[in-house]
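This one's a predicted model, so the numbers in the text were calculated from it and none came from an experiment. Reckoned from all heavy atoms, side chains included, excluding hydrogens, waters and symmetry mates. All residue numbers in this chain count up from 1 along the given sequence.
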Amino acid sequence: MAATASPAAGGMDGKPRTSPKSVKFLFGGLAGLSAGLLRQATYTTTRLGIYTVLFERLTGADGTPPGFLLKALIGMTAGATGAFVGTPAEVALIRMTADGRLPADQRRGYKNVFNALIRITREEGVPTLWRGCIPTMARAVVVNAAQLASYSQSKQFLLDSGYFSDNILCHFCASMISGLVTTAASMPVDIAKTRIQNMRMIDGKPEYKNGLDVLFKVVRYEGFFSLWKGFTPYYARLGPHTVLTFIFLEQMNKAYKRLFLSG
């Protein structure tokens with residue numbers, strides 16, 4: 001008896017066909033990628049640009065850099081401003097990544113980040129693009145303050161110990177400590193931000209009133225330590241990011257001083 005080809009194995013011509021699930025996964029990932037790239041293009045460039053300008057403006061005439069507290073304040077200001085600019089892309093990113101976990105009849109089905117921004121504006125109004133802006137800015141303030149303070153303190157501690165010199169190994173260890181501190185400090189704020197940006201209307205009312213309401217409900221219904229649920233994978237993501245950020249920053253600062261300030 002001749003064997004018959006299964007429809008799942010290929011088309012009528014015997015050629016293999018791509019699974020619909022594979023196509024959905026591929027384009028879903030690309031859609032989320034476009035939102036992530038736009039967020040970095042808005043938030044990160046704004047944050048670093050403002051930080052650099054303010055840092056240079058507040059540097060003394062004799063080249064003395066700003067003090068520790070002033071550096072932290074500059075970072076907080078730059079982070080808050082960058083977060084405000086990047087919130088629309090953040091809202092689109094949160095919704096697009098959460099879309100696949102929703103029931104089929106509740107999925108928004110955004111094609112890409114620009115389609116998401118246009119539809120959000122058309123269907124829900126421009127202010128929705130900045131939904132969760134306050135907790136987003138609060139998180140940016142916490143992250144920047146925690147990163148700057150903990151990195152500076154850790155680096156100084158390692159140098160004072162006598163076991164480290166001002167090199168990449170010192171920067172690596174200090175930034176790993178900074179990532180740990182930043183993770184602990186930012187996770188509660190990040191939970192509040194994410195849930196507000198992804199919340200739905202229930203009986204005509206928003207699911208949460210504000211960021212504090214999110215934190216109170218999480219502690220009440222899920223437990224206090226739920227504010228740090230997923231700490232390990234969060235640190236696994238933030239740790240390498242912090243390491244690369246500070247190592248590149250230190251190397252670029254050294255290159256800048258060598259090329260432009262040494263003469």
Side-chain angles (χ1 to χ4, degrees), residues 21-22 24-44 47 75 79 82-83 86-87 89-103 107-108 110 113 116 131-132 135-151 153-154 171-200 207-208 211 214-249:
K21 291 184 178 180
S22 300
K24 181 180 178 180
F25 174 80
L26 174 63
F27 286 97
L30 291 177
L33 177 62
S34 68
L37 291 175
L38 182 62
R39 179 187 177 276
Q40 292 299 325
T42 52
Y43 167 69
T44 303
R47 175 173 66 95
T87 295
E90 178 91 4
V91 171
L93 177 62
I94 293 295
R95 291 189 175 196
M96 292 171 73
T97 53
D99 212 35
R101 298 191 298 268
L102 296 174
R107 292 176 185 170
R108 299 178 175 96
Y110 299 133
V113 64
R131 175 181 290 174
T136 301
M137 294 173 66
R139 178 189 180 275
V141 167
V142 170
V143 167
N144 281 271
Q147 279 186 330
L148 285 172
S150 60
Y151 179 76
Q153 290 298 107
S154 301
H171 304 157
F172 173 83
C173 294
S175 55
M176 286 297 288
I177 297 172
S178 174
L180 188 66
V181 174
T182 305
T183 299
S186 64
M187 280 197 72
V189 185
D190 201 34
I191 289 175
K193 172 189 70 70
T194 303
R195 294 201 181 191
I196 285 180
Q197 289 180 326
N198 201 41
M199 70 178 177
R200 289 187 168 274
E207 188 176 0
Y208 302 106
V214 174
L215 297 180
F216 285 140
K217 288 184 177 178
V218 170
V219 172
R220 180 178 179 182
Y221 297 110
E222 302 176 37
F224 177 75
F225 289 102
S226 293
L227 295 175
W228 291 274
K229 184 183 295 182
F231 184 93
T232 301
Y234 192 101
Y235 177 61
R237 178 185 66 85
L238 187 62
H241 178 271
T242 305
V243 168
L244 292 175
T245 297
F246 283 115
I247 285 181
F248 277 111
L249 179 63

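With values rounded to the nearest 0.5 angstrom, Thr242 atom OG1 is found 12.0 Å from Ile177 atom CD1. Once rounded to the nearest 0.5 Å, the distance linking OG of Ser34 with CG of Leu93 reads 9.0 Å. Here OG of Ser226 is found 10.0 Å from CE of Met187. Values are rounded to the nearest 0.5 Å. Taken from NE2 in His241 to CG in Leu244, the straight-line distance is 8.0 Å, to the nearest 0.5 Å. From Leu37, atom CG reaches atom CD of Gln40 across 8.0 Å, with rounding to the nearest 0.5 Å.
Classified by interplanar angle (parallel below 30°, tilted 30° to 60°, perpendicular above 60°), the ring pair Tyr235/Phe231 is parallel.
With hydrogens and angles disregarded, no donor-acceptor distance shorter than 3.5 Å links the side chain of Ser178 to the backbone of Ala174.
Between Leu227 and Ile191 the shortest heavy-atom distance is O-CD1, 3.0 Å. Minimum interatomic distance between Ala116 and Met96 (heavy atoms only, all atoms of both residues): CB-SD, 4.2 Å. Closest of all the heavy-atom pairs between Pro240 and Ala236 is CD-O, 2.9 Å. Residues Leu215 and Ala192 share a closest heavy-atom pair of CD2-CB, 4.2 Å. Val143 approaches Ser186 most closely through the heavy-atom pair CG2-CB, 3.6 Å. Between Tyr43 and Ala140 the shortest heavy-atom distance is OH-CB, 4.1 Å.
Under the rule for a ring-ring contact (aromatic ring centres under 6.0 Å, His included), the partners of Phe246 that lie at least two apart in sequence or sit in another chain are Tyr151.
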Val218 and Lys229: CA distance, side-chain angles, deciding distance, side chain to side chain contact (heavy atoms under 4.5 Å, CB included) verdict: CA-CA 11 Å; Val218 170; Lys229 184 183 295 182; over 6 Å; no
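Residues Tyr208 and Arg195 meet the side-chain proximity criterion, which asks for heavy atoms closer than 4.5 Å.
By the 6.0 Å and 45° rule, Arg237 stacks over the aromatic ring of Tyr234.
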